[in-house]
Amino acid sequence: MTDETPKPPSFIHTAVAEDLHNGRFSHVRTRLPPEPNGYLHIGHSRAFLIDEKIAKDFGGKVDLRFDDTNPTKEETEFVEAIQDDVKWLGIQVDRVLYASDYFQLLYDWAIKMIHMGKAYVDDQTPDEVSKNRGSWGEPGKNSPYRERSVAENLDLLERMKKGEFPDGSRVLRAKIDMAHGNMNMRDPILYRIIHEPDHHRTGNEWCIYPMYDWAQGQNDAMHGVTHSLCSIEYEDHRPLYDWFLQTLEIPNPPRQIEFGRLNLTYTVMSKRKLRRLVEENYVNGWNDPRMPTLRAMKRRGYTPAAIRDFIDRVGISKTINSSSGVTVDVSLLEACVRDDLNKKVERRMAVLNPLKVVIENYPEGQVEEFSAINNPEDPAAGTRRVPFSRVLYIEQDDFRENPPPKYFRLTPGGEVRLRYAYFLKCERVIKDESGNLIELRCTYDPNSRGGNAADGRKVKATIHWVSAQHAVPASVRLYDRLFSNPNPESNGDFIADLNPNSLKQLENCQLEPSLAHAKVEESFQFERLGYFCVDSDSNSERLIFNRTVTLKDEWAKIVQQGGG
RNA sequence: UGGGGGAUAGUUUAGUGGUAGAACUACGGAUUCUGACUCCGUCAGCCUAGGUUCGAAUCCUGGUCCCCCAGCCA
């Protein structure tokens, strides 16, 4: 591995290195800033991995900090789920912090702002606040409460905090500039009143809660964060971020740096849309393997290594082509999983759509065992024994009565190799009254034991098989992309772009016996088919596999192009 | 309408004044007891118009197109 070409550093690396070089900072600390109001998806994981990478590359640390400043949206359940996902990804966080643990410090700063004449309690209704904010190209109007006395502001804020006023009746605002071109600077709201529900950590101790802008920079500062990395839609919040830190005269102010967000083709990423998929039952929950959430991807069989590789290959930039970022082709993600699983996972034979084969010249009652390689990419994985007998199952796709051009699997009178076993020739086709194919009568070549003919003749195809009397039945869920449109919603409602074939469950699959005791989450390559893992719905009665991703399939392409 | 940001093959991404390079995709081929893996090859790009320069993706000027912002969400 001497010739591995390191990825060039990102623009963030460049900026951080500069800060270190010119003495703005002497070390690096970043933070993962999730709001515990939902499950993490692949887009979050990228943001997190960027934070991790920057910290690691500069010998710094990364914290996990929950931005739990809005009790109406946040729950303990998500706090736990997020920590699980972070752990699963393998991110080693230095500290787990909660914005809510620092409400008092933030409140003290608000009091300081009032004393400085930089903050005031506004009694306007939400509607008035909104109207008086003005619009693009039109300045806002100063609130009639803007020039209240320090004493009155202090008193009012104290009573807001204690819960003397109803929700929505007042807010604390910074006094900046109602005519500013940047909307965020038009007297932003610092605190709003929220009585219900209780906060997941502070209970009913507070009746006011800080807004994102008011909390973010100060939290970063008090936790010693040097570089506050976030996505690009926060770029025009940066002036406000800096304004608070400067106005409060906070030493060693952290630096916010923004990067473009990650979107995927054939996927939706917004929390709103994902929630709709769940709530309207288009998928079976947040961990449905078709979802882009990390728990879903885990269940589907994606590995942290594959996700990390993917994020790495995508890189970091500020490019913006769509919804605040860049839209990466899912096929890159799929390529990354295949790469990882190919190296690590054992091979097995599994017949998804069984077609019965009787080998007429094979002795009834006889059973042989063949040795099969577990992983050609990893000799240390060794071999296993696979039983063979007179009645087998092969894949329906591996036989064609009227083969199209370029089809070189089994055909009437044709010969193929049964992987690791014998050459097999199809002699007769058996059908039911309505003409459906139900069975193949075949013969084998006893002189091809192990897979090579004594006379040296070749076959064009090798197919997988399972001995009928030894087979383990199972269900297999074939997952495909959730949407059939690379850019869901590009022509109307994204629900209309749902792929009707995103899940197909097969109930009559036949697996080689070594799979009988496969454990939940264990992954395998079913040869010639794809990568599959044991689903958590499995029990001692029934094995259920999820297809993580197919193998690349040249034949499928030929068929798609009309060749088959 | 005001503010902020972005533009290099189909998709991502390097390149920071000196021959535009990579990955994924697509296509073709070699190999193969997985139509997999591996290997080789092909197609394909600097948003645009000027300027500076011996030389511009890179510097300057003017356009064009795309994204984000008017929550008491984050």
Side-chain angles (χ1 to χ4, degrees), chain A residues 5 7-8 10 33-35 37 67 69-70 72-73 122 125-126 129-131 133-140 167-173 179-186 189-194 208-209 211-213 215-216 230-239 258 260-262 265 271 310 313-336 338-339 342-343 347 349 373 376-377 406-409 416-421 450-452 459-464 486 525-530 550-558:
Chain A
T5 55
K7 267 252 182 191
S10 65
E35 182 190 17
N37 72 341
D67 285 339
T69 56
N70 185 352
T72 65
K73 303 196 165 184
D122 193 351
T125 65
V129 169
S130 169
K131 241 174 231 137
R133 187 150 27 221
S135 63
W136 298 325
E138 205 166 348
D167 289 10
S169 59
R170 286 175 226 265
V171 289
L172 183 72
R173 302 177 75 174
H180 202 109
N182 181 343
M183 288 288 183
N184 297 125
M185 301 299 272
R186 321 250 260 223
I189 292 171
L190 271 38
Y191 282 100
R192 73 292 213 189
I193 300 170
I194 300 174
I208 55 172
Y209 290 90
M211 296 285 288
Y212 166 87
D213 286 307
Q216 195 65 199
C230 62
S231 49
I232 217 154
E233 69 267 32
Y234 291 103
E235 204 145 20
D236 52 13
H237 290 245
R238 178 156 30 96
E258 311 83 11
R261 288 163 65 121
L262 169 71
T265 54
K271 218 163 261 178
F310 169 70
R313 290 204 224 180
V314 167
I316 312 170
S317 76
K318 291 186 77 164
T319 306
I320 302 176
N321 293 326
S322 57
S323 40
S324 298
V326 107
T327 303
V328 176
D329 197 331
V330 265
S331 64
L332 178 60
L333 214 207
E334 292 167 351
C336 291
R338 288 193 188 102
D339 268 11
N342 177 47
K343 284 181 297 188
R347 319 283 125 131
M349 291 199 283
I373 295 165
E377 309 288 326
K406 293 190 201 162
Y407 185 89
F408 47 80
R409 276 112 99 146
V416 296
R417 172 167 38 232
L418 295 170
R419 175 136 236 222
Y420 299 120
N452 291 298
V459 287
K460 198 84 164 86
T462 300
I463 66 172
H464 59 278
Q525 183 197 101
F526 290 174
E527 292 208 26
R528 307 208 301 131
L529 299 172
T550 61
L551 249 31
K552 278 208 270 182
D553 188 347
E554 198 160 311
W555 173 243
K557 270 186 204 166
I558 295 171

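Just so it is clear: chains get the letters A, B, ... in the order the sequence lines come, proteins before strands, and each one is counted from 1.
Across all strands, Ser135(A) comes closer than 4.0 Å to base atoms (heavy-atom distances). Using a 4.0 Å heavy-atom criterion, one finds that Arg338(A) contacts no nucleic acid atom at all. Using a 4.0 Å heavy-atom distance criterion, Ser130(A) is classed as a sugar-phosphate-only contact. Nucleic acid contact class of Ile316(A) (heavy atoms, under 4.0 Å, all strands): sugar-phosphate only. Contacts of Met349(A) with the nucleic acid, taken as non-hydrogen atoms under 4.0 Å apart, are absent. Within the 4.0 angstrom heavy-atom criterion, base atoms lie near Phe408(A). Using a 4.0 Å heavy-atom distance criterion, Glu527(A) is classed as a base contact. As judged by a 4.0 angstrom heavy-atom cut-off over every strand, Thr125(A) is placed among the base-contacting residues. Using a 4.0 Å heavy-atom criterion, one finds that Thr265(A) contacts no nucleic acid atom at all. Counting non-hydrogen atoms under 4.0 angstrom, Tyr209(A) reaches nothing in the nucleic acid. The residue Gln525(A) sits close to a base: some heavy atom pair falls under 4.0 Å. Ile232(A) comes within 4.0 angstrom of sugar-phosphate atoms only, judged by non-hydrogen atoms across all strands, and of no base. Within the nucleic acid shown, Lys406(A) comes within 4.0 Å of at least one base atom, counting heavy atoms only. Residue Arg419(A) is in base contact, counting any heavy-atom pair closer than 4.0 Å across all strands shown.
No hydrogens or angles were tested; on distance alone, a donor-acceptor pair under 3.5 Å links the side chain of Arg347(A) to the base of U34(B). Checked by distance alone, Asp236(A) brings a side-chain donor or acceptor within 3.5 Å of a matching partner on the base of G3(B). Judged by distance alone, with hydrogens and angles left aside, Arg238(A) brings no side-chain donor or acceptor close enough to the base of G4(B) to form a pair under 3.5 Å.
Distances shown here put a side-chain N or O of Asn321(A) below 4.0 Å from the OP1 or OP2 atom of U12(B). For the pair Lys557(A) and A26(B), the criterion of a side-chain N or O lying under 4.0 Å from OP1 or OP2 is met. When the side-chain nitrogen and oxygen atoms of Arg528(A) are compared with OP1 and OP2 of G35(B), one or more of them lie within a distance under 4.0 Å. Of the side-chain N and O atoms in Asn70(A), one or more sit less than 4.0 angstrom from OP1 or OP2 of C73(B). Distances shown here put every side-chain N or O of Arg313(A) at or beyond 4.0 Å from the OP1 or OP2 atom of U11(B). The phosphate of G3(B) has neither OP1 nor OP2 within less than 4.0 Å of any side-chain N or O from Arg186(A). At C67(B), none of the side-chain N or O atoms of Ser322(A) fall inside 4.0 Å of OP1 or OP2 (strictly under the cut-off). Side-chain N/O atoms of Thr319(A) include one lying less than 4.0 angstrom from OP1 or OP2 on U13(B).
Taking a centre distance below 5.5 Å and an interplanar angle below 30 degrees as the stacking criterion, Tyr212(A) does not stack against the six-membered base ring of A74(B).
Here the side chain of Arg192(A) pairs no donor or acceptor atom with the backbone of Gly168(A) at under 3.5 angstrom. Looking at Ser324(A), its side chain never comes within 3.5 Å of a backbone N or O of Ile232(A) through a donor-acceptor pair. Listed for the Arg186(A) side chain is a donor-acceptor partner under 3.5 Å among the backbone atoms of Arg133(A).
When all heavy atoms of Arg409(A) and Ala461(A) are compared, the pair lying nearest together is CA-CB, 4.0 Å. Nearest heavy atom pair, residue Trp555(A) against residue Lys406(A), reads CZ3-O, 3.6 Å. Scanning both residues, Arg313(A) and Cys336(A), for their nearest heavy atoms gives NE-SG, 3.5 Å.
The C1' atoms of A57(B) and G17(B) are separated by 11 Å, rounded to the nearest whole Å. G15(B) and C68(B) have their C1' atoms separated by 28 Å, given to the nearest Å. Nucleotides U25(B) and C60(B) have their P atoms positioned 38 Å apart, rounded to a whole Å. For the P atoms, the distance linking U58(B) with A23(B) amounts to 26 Å, nearest Å. Taking atom C1' in both G62(B) and C73(B), the straight-line distance is 40 Å, to the nearest Å. Annotation: A30(B) and A44(B) have their C1' atoms spaced 23 Å apart (nearest Å). Taking atom C1' on both nucleotides, C43(B) is separated from G6(B) by 28 Å, rounded to a whole Å. Comparing the P positions of G50(B) and U13(B) gives an interatomic distance of 29 Å, to the nearest angstrom.
Rounded to a whole Å, the CG atom of Leu332(A) is 17 Å from the P atom of G10(B). Whole-Å rounding puts the Glu235(A) CD to A74(B) P distance at 20 Å.
The nearest heavy atom of RNA chain B to Gly181(A) and to Ser324(A) marks one nucleotide each, and the one closer to the 5' end goes with Gly181(A). Toward the 5′ end of RNA chain B lies the nearest nucleotide of Val328(A), the other residue of the pair Ala421(A) and Val328(A) mapping further downstream.
Note that CG of Leu529(A) and CE of Met349(A) are 11.5 Å apart. Values are rounded to the nearest 0.5 Å. Remark: Glu258(A) CD to Glu233(A) CD distance equals 10.0 Å, nearest 0.5 Å.
Paired regions of RNA chain B, where each region holds three or more successive Watson-Crick or G-U pairs whose two hydrogen-bonding distances fall under 3.5 Å, are B:2-7 with B:64-69, B:10-13 with B:21-24, B:26-30 with B:38-42, B:47-51 with B:59-63.
Applying the ring-ring contact (aromatic ring centres under 6.0 Å, His included) criterion to Tyr420(A), with sequence neighbours excluded, gives no partner residue. Partners of Glu35(A) under the side chain to side chain contact (heavy atoms under 4.5 Å, CB included) rule, at least two apart in sequence or in another chain, are Asn37(A), Asn70(A), Lys73(A), Glu74(A).
In this entry the base of G71(B) is syn relative to its sugar, with a glycosidic angle within 90° of 0.
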